[in-house]
Protein chains: 2
Amino acid sequence: MGEKLTTLHALAEPNRFHIVELLRVGPLTVGEIADSLKLRQPQVSKHLRVLSDSGLVEVQPIANRRIYKLQSQPFLELEEWLDTFRNIWEDRFDRLDDYLKDMK
Amino acid sequence: MGEKLTTLHALAEPNRFHIVELLRVGPLTVGEIADSLKLRQPQVSKHLRVLSDSGLVEVQPIANRRIYKLQSQPFLELEEWLDTFRNIWEDRFDRLDDYLKDMK
DNA sequence: CTTCGAAACAAGTGTTGACTTATTAAAACC
DNA sequence: GGTTTTAATAAGTCAACACTTGTTTCGAAG
């Protein structure tokens with residue numbers, strides 16, 4: 001799976017998306033996230049696993065707890081990809097007409 | 001569901017992602033996409049439905065055929081959202097230290 | 001060394017959704 | 001009007017995955 005697809009897949013799940021929004025304020029532990037989202041701890045761990053595998057999140061174990069924080073790379077790469085579409089919107093001197101001509 | 005989530009969900013499926021990559025070259029009919037991806041026509045129609053519902057794609061019916069083309073808005077909105085993270089990477093004068101202090 | 005707290009791991013359940021084949025709808029052509 | 005083509009819709013199957021409860025691991029503290 002391409003890394004862009006992995007990133008998209010990780011972000012597309014509502015609760016994981018919510019976790020990312022929570023983490024943008026600052027690092028959080030598993031328990032804190034579980035409380036916020038009203039999810040059970042194991043499920044939160046699963047979601048964090050997916051986010052971690054996709055590189056969107058990083059763990060830092062402190063004693064008992066594991067502190068999760070956002071990681072910039074996947075976000076930046078996804079934004080780069082979206083940026084490659086800009087050219088398309090701009091120099092679209094309507095290609096649809098050309099297409100229709102070819103069809104005859 | 002938020003529109004960002006809808007967009008992410010639509011893009012996160014590998015074949016739909018592939019369809020978007022095909023359409024960036026130019027508009028295509030259902031049949032052309034099905035041939036390219038080696039998928040059956042009904043499945044391609046389903047995928048296009050999802051893309052259309054999310055606003056990523058627009059239809060233009062010409063006689064028998066339906067021509068699909070990309071639509072810029074959802075891409076731009078998603079990029080805007082990603083852009084709001086830039087601040088975070090920059091002014092992160094490591095908040096992790098603060099967090100650890102609070103925990104004691 | 002026993003207990004307590006936090007979080008990962010295991011196994012099972014239910015739902016979502018990607019695919020299949022078959023059918024229908026609608027436009028073009030004979 | 002019947003046939004052909006293109007694509008949407010319907011119904012059913014199967015796999016992926018979000019969630020549950022229960023158990024295990026591991027560090028800290030008594």
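A note on names: the letters A, B, ... follow the listed sequences, proteins ahead of strands, and every chain is numbered from 1. Note that the structure is a prediction, hence the values are computed from the model and not measured.
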Sequence neighbours left out, cut at 3.5 Å: what donor-acceptor pairs do the side chains of residues 72-81 of chain B make with other protein atoms?
from	atom 1	to	atom 2	distance (Å)
B:Glu79	OE1	A:Arg86	NH2	3.4
B:Trp81	NE1	A:Glu21	OE2	2.8

(message) Among A:Leu11, A:Leu48, A:Leu39, which residue satisfies the side chain to side chain contact (heavy atoms under 4.5 Å, CB included) criterion with A:Ile19?
(response) A:Leu48
At less than 4.0 Å, is any side-chain N or O atom of [X] found next to OP1 or OP2 of [N]? Yes or no.
X	N	result
B:Arg66	D:dA7	no
A:His9	D:dC17	yes
A:Tyr68	C:dA6	no
B:Thr29	D:dA7	yes

Nucleotide [N], atom [atom2] - distance to [atom1] of [X] in whole Å:
X	N	atom1	atom2	value
A:Asn15	D:dC17	CG	P	16 Å
B:Leu39	D:dA8	CG	P	14 Å
B:Leu11	C:dG17	CG	C1'	17 Å
A:Lys46	D:dG22	NZ	C1'	13 Å
A:Ile19	D:dC19	CD1	C1'	13 Å
A:Gln43	C:dA6	CD	P	20 Å
A:His18	D:dA18	NE2	C1'	17 Å

Provide the closest heavy-atom pair for [X] versus [Y] in the form atom of the first, atom of the second, distance.
X	Y	answer
A:Leu5	B:Ala12	CD2-O, 3.4 Å
B:His47	B:Glu13	CE1-OE1, 3.4 Å
A:Leu51	A:Ser54	O-OG, 2.9 Å

Which nucleotide in [options] has an atom nearest any side-chain atom of [X]:
X	options	result
B:Arg16	C:dC19, D:dT20, C:dA18	C:dA18
A:Val30	C:dA7, D:dA11, D:dA18	C:dA7
A:Gln41	D:dA11, D:dG22, C:dA7	C:dA7
B:His47	D:dT20, C:dA18, C:dA7	C:dA18
B:Glu13	C:dC19, C:dA28, D:dA18	C:dC19
B:Ala63	C:dC19, C:dA27, D:dA18	C:dA27

(message) Just to be sure I understand the rule, does A:Pro42 reach a base, reach only the sugar-phosphate, or reach nothing, if contact means heavy atoms closer than 4.0 Å?
(response) base
(message) Working note: A:Leu70 + A:Val20, criterion side chain to side chain contact (heavy atoms under 4.5 Å, CB included); need CA distance, chi angles, decisive distance, verdict.
(response) CA-CA 7 Å; A:Leu70 292 181; A:Val20 167; 4.1 Å; yes
(message) Hydrophobic cluster membership, with links at side-chain heavy-atom distances under 4.5 Å among I/L/V/M/F/W/Y: are A:Val50 and A:Val57 in one?
(response) no
What protein N or O atoms touch nucleotides 3-5 of chain C N or O atoms at under 3.5 angstrom, if any, and at what distances?
from	atom 1	to	atom 2	distance (Å)
C:dG5	N2	A:Asn64	OD1	3.1

(request) Map B:Arg49 and A:Arg40 onto DNA chain D by nearest heavy atom, then report which one ends up closer to the 5' terminus. (result) B:Arg49
